[in-house]
*Asks:* 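Sharing a structure below in structure tokens format, with a few things to ask.
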Amino acid sequence: MNEHIAAKYMPLATERTKDAVKDLIPGEHRKIDVVNPLDPTDRLITDIWVIEDYDGAHFAFQDGPTGGDVYLGPADQVRIAIEEAPFAE
């Protein structure tokens, strides 16, 4: 699965996003901040959740107000990447 490559928005390492992914469990939705990498002024708040399947736990998020669901990656890797990322301005 490489849907995240085609995503219009990407998660932004804000306090809201870091708090949301820290202990998110399957079946729960939380809000995160996302940014359009082609236009850094285009920022939104959207849903993120965890999907569990035969391959383990993975994060997915809504790609903007009218976008589809985007696969973000394995839960453990996403948590580490967002936790270690410097806070966005």
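Small disclaimer: the values here were computed from a predicted structure and weren't measured.
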*Asks:* Is a donor on one side and an acceptor on the other found under 3.5 Å between the side chain of Asp69 and the backbone of Gln62?
*Replies:* no

*Asks:* Can you name the nearest heavy-atom pair linking Pro86 to Ala13, along with the distance?
*Replies:*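 Heavy atoms of Pro86 and Ala13 come nearest at O-CB, 3.5 Å.
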
*Asks:* Taking only residues two or more places apart in sequence or in another chain, which ones pass salt bridge (Lys or Arg N to Asp or Glu O under 4.0 Å) with Asp19?
*Replies:* Lys22

*Asks:* Heavy atoms only: give me the nearest Ile45-Lys31 pair and the separation to one decimal.
*Replies:*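 Where Ile45 meets Lys31 most closely, the heavy atoms are CG2-CB, 3.7 Å.
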
*Asks:* Does the side chain of Glu28 reach to within under 4.5 Å of the side chain of Trp49, using non-hydrogen atoms?
*Replies:* no

*Asks:* What distance separates His58 NE2 from Tyr71 OH, expressed to the nearest 0.5 Å?
*Replies:*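 Between His58 NE2 and Tyr71 OH, I get 5.0 Å after rounding to 0.5 Å.
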
*Asks:* State, to 0.1 Å, how close Met10 and Leu72 come at their nearest heavy-atom pair, and which atoms those are.
*Replies:*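 Residues Met10 and Leu72, closest heavy atoms: CE-CD1, 4.2 Å.
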
*Asks:* Which heavy atom in Asp63 sits nearest to a heavy atom in Lys8, and how many Å separate them?
*Replies:*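 Taking every non-hydrogen atom into account, OD2-N, 2.7 Å.
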
*Asks:* Measuring from Ile32:CD1 to Lys18:NZ, what's the distance to the nearest 0.5 Å?
*Replies:* 13.0 Å

*Asks:* By the definition side chain to side chain contact (heavy atoms under 4.5 Å, CB included), identify the one residue from Thr46, Leu12, Ile48, Val70 that meets it with Val34.
*Replies:*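 Checked Thr46, Leu12, Ile48, Val70 against Val34; only one passes side chain to side chain contact (heavy atoms under 4.5 Å, CB included): Thr46.
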
*Asks:* Assess whether a salt bridge exists between Arg30 and Asp47, defined as any Lys/Arg side-chain N lying under 4.0 Å from an Asp/Glu carboxylate O.
*Replies:* no

*Asks:* Please name the pair of heavy atoms, one in Ala20 and one in Leu24, separated by the smallest distance, quoted to 0.1 Å.
*Replies:* O-CB, 3.3 Å

*Asks:* Calculate, to the nearest 0.5 Å, the distance between atoms CZ and OG1 belonging to Phe61 and Thr17 respectively.
*Replies:*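 Reported to 0.5 Å precision, the distance equals 10.0 Å.
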
*Asks:* Do Ile80 and Gln77 come within less than 4.5 Å of each other through their side chains, counting heavy atoms only?
*Replies:*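 The answer is no; the side chains never approach within 4.5 Å.
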
*Asks:* About how many Å separate OH of Tyr9 and CG of Leu44, when rounded to the nearest 0.5 Å?
*Replies:* 4.0 Å

*Asks:* To the closest 0.5 Å, what do you measure between CZ (Phe59) and CD1 (Ile51)?
*Replies:*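 Between Phe59 CZ and Ile51 CD1, I get 10.5 Å after rounding to 0.5 Å.
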
*Asks:* Mark yes or no for whether Thr14, through its side chain, and Asp33, through its backbone, hold a donor-acceptor pair below 3.5 Å.
*Replies:*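 Answer holds: no.
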
*Asks:* Which residues pass the salt bridge (Lys or Arg N to Asp or Glu O under 4.0 Å) test with Arg43, sequence neighbours left out?
*Replies:*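 Arg43 satisfies salt bridge (Lys or Arg N to Asp or Glu O under 4.0 Å) with no other residue.
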
